[in-house]
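To find a chain, count down the sequence lines: A is the first, B the second, and so on, and within it residues start at 1. Just so we're clear, the structure is a prediction, and the values are computed from it rather than from any experiment.
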2 protein chains.
Amino acid sequence: MNRDDILKLDNQICFAVYACSREITKLYRPYLDEMGITYTQYVTLLALWEEDDMTVKRLGERLYLDSGTLTPLLKKLEAAGLVERIRDPRDERNVRIRLTGPGVRLKEQASGLPGRIVSRTGLSGEQAQSLHAGLNALLRNIHQPTREE
Amino acid sequence: MNRDDILKLDNQICFAVYACSREITKLYRPYLDEMGITYTQYVTLLALWEEDDMTVKRLGERLYLDSGTLTPLLKKLEAAGLVERIRDPRDERNVRIRLTGPGVRLKEQASGLPGRIVSRTGLSGEQAQSLHAGLNALLRNIHQPTREE
DNA sequence: CACCAATGCATTGCATGCAATTTAATTGAG
DNA sequence: CTCAATTAAATTGCATGCAATGCATTGGTG
């Protein structure tokens, strides 16, 4: 690849990931609209359906998001009646996020979603598997909770 | 994969793409800060370095962004002196985006960036190649400029 | 025990993304 | 030519993301 090709848009993995991420979100939108939630709220619920009663910090580690994003988002989920935000009496710095009844029940409605999306991607099981593995490897490699020189 | 596993965060390609995209942006940030631009401004410049003098519409098709995102972003790039926004005299609905001298010269500074980032990803050439191909396939499959039933 | 650094969350400010609407220019049917 | 439909940008409103900062609680030290 010559000097000029290096900077071409279609040669950038970063751009492919960036564009894919937004296009995937658009695929989800109509379904999530019906459920009354946004994409970020959806992945937050995915995390909670898997492990309820997390602190904001733990949720942030799981989702790679910080309190600046999560606090307002969780307040909206609380206003929508899907989660509760409870300050931990044993350590009042922690706020624990717990699913409400409606929050738990929404899982049922979401269970068909991944299948519908995957079929829309037109990827074979193998392709999807391989892509997923590559992304996870990349994620592991670049995510540095604390930077060292 | 049973019914419960289907909704696990780590089984969602969508989440892997979403998280990867944001982590990659963070990798770029320190370098782009030095250049005085943001990540979205960077990919916009990538597109323009490859093909100068595009309309907003064409730029949007290239970047999968709409005028709602591009108009303010291009105004910032114009304020920074990197591009010009010129209404096409032949069809005044079109606004053409052209690189200025400084905008062209910034390409030099950017040319080392992809290499530095790729090395930070820790992926082999093969892995990167395969990942990129998978993402492009996915992008082609899901991007529908106009929806059909 | 008093104090201070560390921790967890909230807030602020800025830059996206994108749907929906508006505005201005152009095109095309009659 | 005339006016309605189409098209390209711009604008508006809402929801992220994230760095930087603020604030309250807690833990460790002397």
### Message
Rounded to whole Å, please give me the gap between CG in B:Leu73 and P in D:dA9.
### Response
15 Å
### Query
Is the shortest side-chain N/O distance from A:Arg85 to OP1 or OP2 of C:dA10 below 4.0 Å?
yes
### Message
Under 3.5 Å, is there any donor-acceptor pair linking the side chain of A:Ser67 to the base of C:dA10?
### Response
yes
### Message
Regarding B:Glu23 and B:Lys26, does a basic nitrogen lie under 4.0 Å from an acidic carboxylate oxygen?
### Response
yes
### Task
Take the protein atom CD of A:Glu61 and the nucleotide atom C1' of C:dC9, then report the distance between them rounded to whole Å.
14 Å
#### Entry: Length of the OH-P vector between A:Tyr18 and D:dG17, whole Å
12 Å
### Task
Send over the distance from A:Gln41 CD to C:dG17 P, rounded to a whole Å.
18 Å
### Message
Does C:dC18 have its OP1 or OP2 closer than 4.0 Å to a side-chain nitrogen or oxygen of A:Tyr39?
### Response
no
### Task
Answer with base, sugar-phosphate or nothing: what part of the nucleic acid does A:Thr55 contact at a heavy-atom distance below 4.0 Å?
sugar-phosphate
### Query
Is any side-chain N or O of A:Arg87 closer than 4.0 Å to OP1 or OP2 of C:dC9?
no
### Task
Could you please name the option among D:dT11, D:dG17, C:dA15 that lies closest to any side-chain atom of B:Thr38?
C:dA15
### Message
Quick check: on DNA chain D, is the nucleotide nearest A:Gly68 upstream (toward 5') of the one nearest A:Arg93, or the reverse? Name the residue that is more 5'.
### Response
A:Gly68
### Summary
To the nearest angstrom, the CG-P distance between A:Leu74 and D:dG17 comes to 13 Å
### Query
A:Asp66 or A:Arg29: which one's nearest nucleotide on DNA chain C is closer to the 5' end?
A:Asp66
## Note on the structure
Walking DNA chain C from its 5' end, the first of A:Lys57 and B:Thr69 to be reached, judged by nearest nucleotide, is A:Lys57
### Integer-rounded Å distance: D:dG27 P and A:Glu92 CD
12 Å
### Task
Answer yes when A:Arg98 and A:Glu84 have at least one side-chain N-carboxylate O distance shorter than 4.0 Å, and no when they do not.
no
### Task
Could you tell me whether the phosphate oxygens of D:dG17, OP1 or OP2, come under 4.0 Å of any side-chain nitrogen or oxygen in A:Thr40?
yes
### Task
Could you tell me whether B:Arg96 and B:Asp52 make a salt bridge, using a distance below 4.0 angstrom between a side-chain N and a carboxylate O?
no
### Task
Take the protein atom CZ of A:Arg96 and the nucleotide atom P of C:dA10, then report the distance between them rounded to whole Å.
14 Å
### Task
For the pair B:Glu92 and B:Arg87, find out whether any cationic side-chain nitrogen is under 4.0 Å from an anionic carboxylate oxygen.
no
### Task
Could you tell me whether the phosphate oxygens of D:dA8, OP1 or OP2, come under 4.0 Å of any side-chain nitrogen or oxygen in B:Arg90?
no
### Task
Please work out if B:Leu70 contacts a base, only the sugar-phosphate, or nothing of the nucleic acid, heavy-atom cut-off 4.0 Å.
nothing
#### Entry: Nearest-neighbour nucleotide for the B:Arg22 side chain, D:dA9, D:dG17, C:dA25 considered
D:dG17
### Query
So, A:Glu51 and A:Arg62, do they make that salt bridge, N to O below 4.0 Å?
no
### Message
Using heavy-atom distances to pick each residue's nearest nucleotide on DNA chain D, tell me which of A:Pro89 and B:Asn94 is more 5'.
### Response
B:Asn94
### Message
Quick check for you: among D:dA10, D:dA15, C:dA15, whose closest atom lies nearest to any side-chain atom of B:Lys75?
### Response
D:dA10
### Task
For B:Ile97 and D:dA8, give me the distance from atom CD1 to atom C1', rounded to whole Å.
12 Å
### Query
So, are A:Asp10 and A:Lys8 salt-bridged, with charged N and O less than 4.0 Å apart?
no
### Task
Would you mind telling me which of C:dC18, D:dC18, C:dT16 lies closest to the side-chain atoms of B:Lys26?
D:dC18
